[in-house]
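A quick write-up on the structure given underneath.
Treat the numbers as computed from the prediction; the structure is a model and nothing was measured.
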Amino acid sequence: MRPGVPALGALQRRLLASALDAVRPGGVVAYVTCSPHLAETGVVVADVLKGRDDIETLDARAYLPEVGGLGVGSYVQLLPHRHNTHAIFLALLQKRF
């Protein structure tokens, strides 16, 4: 049996928090998931960043200037019907010096 979104979200929070703890100052963590569900994408990032002042969100869209329709904000959300790919989510998070 496959775990549901709530179980995956909890795991994703732990993995992202661990990666942010492990990265060196100035280093960047790319949080990537193949999901369009807010519970596995932006909500995970927002929850992990609560109370952390050592992480800056980078504009991931700036690294894909040739791709249109990425939405607003600093995250990238690719969609099958728009980008001919899986529903890939990308957030770039940099640990401050």
- Message: Once ring-ring contact (aromatic ring centres under 6.0 Å, His included) is applied, what residue pairs with a partner in residues 50-76 remain, sequence neighbours excluded?
- Response: Y75-F89

- Determine the sole option in Q12, E40, H86 for which the side chain to side chain contact (heavy atoms under 4.5 Å, CB included) test with S35 is passed. E40

- Message: side chain to side chain contact (heavy atoms under 4.5 Å, CB included) for V43 and R13? Distances and angles first, verdict last.
- Response: CA-CA 9 Å; V43 172; R13 283 172 182 78; 3.5 Å; yes

- Query: Does one hydrophobic cluster hold both V45 and L58, with members joined at side-chain heavy-atom distances below 4.5 Å?
  - Reply: no

- Query: Y31 and I88: same hydrophobic cluster, using ILVMFWY side-chain contacts below 4.5 Å?
  - Reply: no

- Message: Test side chain to side chain contact (heavy atoms under 4.5 Å, CB included) on L49 and L93; report intermediate values, then the result.
- Response: CA-CA 10 Å; L49 294 183; L93 308 167; 4.1 Å; yes

- Query: Side-chain heavy atoms under 4.5 angstrom apart, residues restricted to Ile, Leu, Val, Met, Phe, Trp, Tyr: same cluster for L92 and L78?
  - Reply: yes

- Item | Separation of R96 CZ from I55 CD1 (nearest 0.5 Å) | 8.0 Å

- Calculate, to the nearest 0.5 Å, the distance between atoms SG and CG belonging to C34 and L90 respectively. 13.0 Å

- What are the two closest non-hydrogen atoms of T57 and S74, and how far apart are they? CG2-OG, 3.1 Å

- Query: Measuring from Q77:CD to L70:CG, what's the distance to the nearest 0.5 Å?
  - Reply: 9.5 Å

- Of all heavy-atom pairs linking G9 and V44, the shortest is O-CG2, 4.3 Å

Considering only distance and modelled atom types, tabulate donor-acceptor pairs under 3.5 Å from the side chains of residues 16-28, sequence neighbours left out.
| residue | atom | partner | partner atom | Å |
| --- | --- | --- | --- | --- |
| D21 | OD1 | R52 | NH1 | 3.0 |
| D21 | OD1 | R52 | NH2 | 3.1 |

- Would V32 end up clustered with V67 when hydrophobic side chains under 4.5 Å apart are linked, directly or stepwise? yes

- Counting distance only, does the side-chain N/O of H83 pair as donor-acceptor with the main-chain N or O of G68 below 3.5 Å? yes

